[in-house]
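See below for the structure under consideration.
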Amino acid sequence: MELEWRMGRARAKVGEQSKARTPPVISVTPQLGVSLSERLPERVRTSVYGIVTKGWEGTRFFTVGGMCHRISRIVPNRPISFVEGLAARLVFNRWLMATIEYDAGERYDFEALRRLLVAAVKDDDDILTQWREKTELLAMLEKARTFAHLVGTLRFAGVDVETGATSTG
């Protein structure tokens, strides 16, 4: 017997858990930007500007287990001087690697996540709706009853799962 995520592309045969893909993490920024990643990112390629302005604040990461995490801080792989921070705001914005530290997380309500994704589609400026119609995505989100359905809808919209370090800032 085969279990299928009807709105997604992932399939797993019952009893073959080792081949089954773990549903990804859904991240939502305060500006309602949405992305998927295989797991909570541990390292990130980010800009000096993103660090000095704390551009990550407010981004939430939702897992299939019902937990919502926020970034507590991003630690750059090297110190950032005052002059470099000022230059990032005005002239030259360097990129660097950083380690991400998360809070302990808290339980989230599935309906609240679904409503947040509905708001992201409604507010979309042609990122989520580049390949699919807004009404089509909204209808799929209204029917979604599981985390896998939400992930499937995002994949249907063309959101790819990021496998490595992500970029911010």
Side-chain angles (χ1 to χ4, degrees), residues 5 7-10 20-77 80 88 93 95-132 134-169:
W5 295 350
M7 292 187 277
R9 297 182 186 129
R21 292 189 63 170
T22 303
V25 174
I26 299 173
S27 62
V28 182
T29 68
Q31 299 79 22
L32 298 177
V34 178
S35 64
L36 296 172
S37 57
E38 283 186 347
R39 61 193 176 285
L40 288 174
E42 296 172 4
R43 304 233 340 123
V44 65
R45 180 175 184 263
T46 188
S47 66
V48 171
Y49 182 79
I51 291 177
V52 297
T53 61
K54 297 184 178 183
W56 68 84
E57 285 188 336
T59 299
R60 292 174 283 177
F61 298 83
F62 299 91
T63 66
V64 68
M67 295 299 287
C68 174
H69 298 274
R70 294 177 193 264
I71 296 173
S72 56
R73 73 183 193 141
I74 292 185
V75 181
N77 62 347
I80 298 171
N93 191 17
W95 289 88
L96 49 79
M97 292 302 294
T99 302
I100 303 174
E101 296 177 3
Y102 296 92
D103 64 9
E106 60 188 17
R107 305 282 309 159
Y108 69 85
D109 176 51
F110 174 81
E111 284 303 311
L113 173 58
R114 191 182 63 72
R115 286 191 304 272
L116 187 61
L117 294 177
V118 165
V121 170
K122 286 181 178 179
D123 188 56
D124 186 59
D125 63 350
D126 198 36
I127 303 297
L128 293 173
T129 57
Q130 182 174 6
W131 309 111
R132 305 293 180 188
K134 190 176 285 196
T135 55
E136 187 177 23
L137 295 176
L138 290 172
M140 290 176 76
L141 287 171
E142 289 299 324
K143 292 178 187 175
R145 296 292 172 252
T146 66
F147 188 85
H149 289 158
L150 296 176
V151 169
T153 301
L154 294 173
R155 286 183 173 159
F156 181 75
V159 178
D160 290 328
V161 177
E162 298 173 1
T163 56
T166 59
S167 296
T168 64

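When reading the values below, keep in mind they use all heavy atoms of this one structure, side chains included, and skip hydrogens, waters and symmetry mates.
- Thr99 is not listed as a side-chain neighbour of Asn77, based on a closest heavy-atom distance of 4.5 Å or more.
- Asn93 places no side-chain N or O within donor-acceptor distance of the main-chain N or O of Ser47, the cut-off being under 3.5 Å.
- Rounding to the nearest 0.5 angstrom, the gap separating the OG1 atom in Thr29 from the CD atom in Gln31 is 4.5 Å.
- The two residues His69 and Leu40 come nearest to each other via the heavy atoms CD2-CD1, 3.7 Å.
- Here Thr129 contributes atom OG1 and Glu136 contributes atom CD; the two are 11.0 Å apart, rounded to the nearest 0.5 Å.
- Across all non-hydrogen atoms, the minimal contact from Lys134 to Lys122 is NZ-O, 3.1 Å.
- Closest non-hydrogen pair, Ala144 versus Arg114, comes out as O-CD, 3.7 Å.
- For the pairing with Phe62, the side chain to side chain contact (heavy atoms under 4.5 Å, CB included) check across Leu116, Leu117, Val25 returns one residue only, Leu116.
- We find the CZ-CG distance between Phe61 and Asp103 to be 10.5 Å, quoted to the nearest 0.5 Å.
- Using a 4.5 Å heavy-atom cutoff, the side chains of Val34 and Ser27 are not in contact.
- The closest donor-acceptor contact from the side chain of Tyr49 to the backbone of Gly55 lies at 3.5 Å or more, if one exists at all.
- Atom CZ of residue Phe147 and atom CD1 of residue Ile26 lie 4.0 Å apart, to the nearest 0.5 angstrom.
- Here the side chains of Arg155 and Val161 are in contact, with some heavy-atom distance below 4.5 Å.
- Scanning all heavy atoms of the two residues, the minimum distance from Val159 to Ser35 falls at CG1-CA, 4.1 Å.
- Remark: Glu101 engages Ser72, Arg73, Val75 in a side chain to side chain contact (heavy atoms under 4.5 Å, CB included) (not counting sequence neighbours).
- From Thr153, atom OG1 reaches atom CG of Leu141 across 5.0 Å, with rounding to the nearest 0.5 Å.
- Between atom CG of residue Asp124 and atom CG of residue Leu32 there is a gap of 9.5 Å, rounded to the nearest 0.5 Å.
- Annotation: salt bridge (Lys or Arg N to Asp or Glu O under 4.0 Å) contacts involving residues 49-66, sequence neighbours excluded, are absent.
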| query | Stepwise, does the side chain to side chain contact (heavy atoms under 4.5 Å, CB included) test hold for Asp160 with Leu36? | reply | CA-CA 7 Å; Asp160 290 328; Leu36 296 172; over 6 Å; no
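- Nearest heavy atom pair, residue Pro76 against residue Ala98, reads CA-CB, 3.7 Å.
- Residue-environment remark: CD (Glu42) stays at or below the threshold of 12 foreign heavy atoms within 6.0 Å.
- Taking 4.5 Å as the limit, some side-chain heavy atom of Leu96 sits within range of a side-chain heavy atom of Thr46.
- Across all their heavy atoms, Ile100 and Pro41 have their closest contact at CD1-O, 3.6 Å.
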